[in-house]
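Below is one structure; the comments refer to it alone.
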Amino acid sequence: MKNVQLYDKSFKLYLTYDEIQKAVDDVAEKINRDYDQEDTPLFLGVLTGSFMFYADLMKRIDFPCEMCFIRLASYEGTSTTGAVKQMLGLTKSVRGRNVIVVEDIVDTGTTIMELDQILKDGGARSIKYSALLLKPGNYKGSIKIDYPAFSIPNDFIVGYGLDYDQLGRNLKDIYVLDEEETERRKGINIK
Ligand code: 5GP
Ligand code: MG
């Protein structure tokens, strides 16, 4: 599929499933190398957007590890609200654990700065960050993203777990907002 329409917005193909799989291979290879000797690290998935990346990444991890999830939300529509809500808190203690955070996309960095505090307050021994997508142009955080799969411009993305108002998460490729096509369709009143 080259184009998708979600509500009032048009999106065009940006990264194919195969390109994503190759990038996930690279991230997994780096993590497998870095954590070879570590004690049962904990992979913390940030729901909801990271679920596909998380599943694909975990299939490639070759050392004993534990998994858990937290659900944070900061976005409404296509922009951040600036405030991070904890919809589902930590269900496991992180005290003394080596934690690898698995995020879908790091934009302004508000979400991971908040998460970093939660993990530090919880007594994590070490914290590293993996993210499917990173927008360096928007990023204002002070935390290093250790394992980014892709660095992208400041565009709005859907697919492979990421949504536009809850639609598009099931798409296996990644799509970017097509402003021109969205405007064109608005002009001729197609839904
Ligand atoms: P931040 O707190 O870094 O500004 O934003 C992080 C969160 O905002 C992500 O985990 C994701 O849920 C959402 N987000 C940021 N950029 C995009 C985007 O381009 N597309 C979608 N669907 N969500 C985004
Ligand atoms: Mg996220």
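As the structure is a prediction and not an experimental result, all values here were calculated from the model. Order of listing sets the numbers, starting from 1, for every ligand and every atom in it.
- Looking only at side-chain heavy atoms (C-beta outward), S130 and L57 come within less than 4.5 Å of each other.
- In this structure, N138 contributes its side chain and T108 its backbone to no donor-acceptor pair below 3.5 Å.
- With ring centers used as reference points, Y160 lies 6.0 Å or more from Y175.
- Close N/O approach between V106 and ligand 1 is not found [any backbone or side-chain N/O within under 3.5 Å].
- Between the side chains of S126 and N98, at least one donor N or O sits under 3.5 Å from an acceptor N or O.
- Residue-ligand proximity: N138 is placed with every non-hydrogen atom at 4.0 Å or more from ligand 1.
- Applying the 4.0 Å criterion to heavy atoms of D155 picks out, from ligand 1, the atoms 19 (O).
- Side-chain atoms of S10 and Q5 form a donor-acceptor pair, as typed in the model, at a separation below 3.5 Å.
- Residue E103 approaches the Mg ion (ligand 2) most closely through its N/O/S atom OE1.
- In this structure, G49 falls outside the shell of residues with a heavy atom less than 4.0 angstrom from ligand 1.
- Using a 4.0 Å cut-off to heavy atoms of E103, the atoms of ligand 1 that qualify are 10 (O).
- Within a 6.0 Å sphere centred on CZ of F69, other residues, nucleotides and ligands contribute more than 12 heavy atoms.
- With ligand atoms numbered from 1 in the order given, ligand 1 contributes 1 (P), 3 (O), 4 (O) to contacts under 4.0 Å with heavy atoms of G109.
- The part of D104 lying near ligand 1 is the side chain, judged by heavy-atom distances below 4.0 Å.
- Against a heavy-atom cut-off of under 4.0 Å, T111 is close to the following atoms of ligand 1: 1 (P), 2 (O), 5 (O), 6 (C), 7 (C).
- Proximity of a side-chain donor or acceptor of D116 to a complementary backbone N or O of I112 within less than 3.5 Å is not detected.
- By the 30° and 60° cut-offs, the orientation of the rings of Y164 relative to Y7 is perpendicular.
- Between R184 and E181, at least one side-chain nitrogen of the basic residue sits less than 4.0 Å from a carboxylate oxygen of the acidic one, meeting the salt-bridge criterion.
- Considering backbone and side-chain N/O atoms, F156 never comes within less than 3.5 Å of an N/O atom of ligand 1.
- Judged by the shortest distance from any of its heavy atoms, M113 lies outside the 4.0 Å radius around the atoms of ligand 1.
- Between Y54 and F43, the ring-plane angle classifies as perpendicular under the 30° and 60° cut-offs.
- Between Y164 and ligand 1, no N or O atom pair is found at a separation short of 3.5 Å.
- Distances shorter than 4.0 angstrom occur between a heavy atom of D163 and an atom of ligand 1.
- Here is the list of ligand 1 atoms found below 4.0 Å of a heavy atom in K135: 16 (N), 17 (C), 18 (C), 19 (O).
- Among the heteroatoms counted here (N, O or S) of D104, OD1 is the one nearest to the Mg ion (ligand 2).
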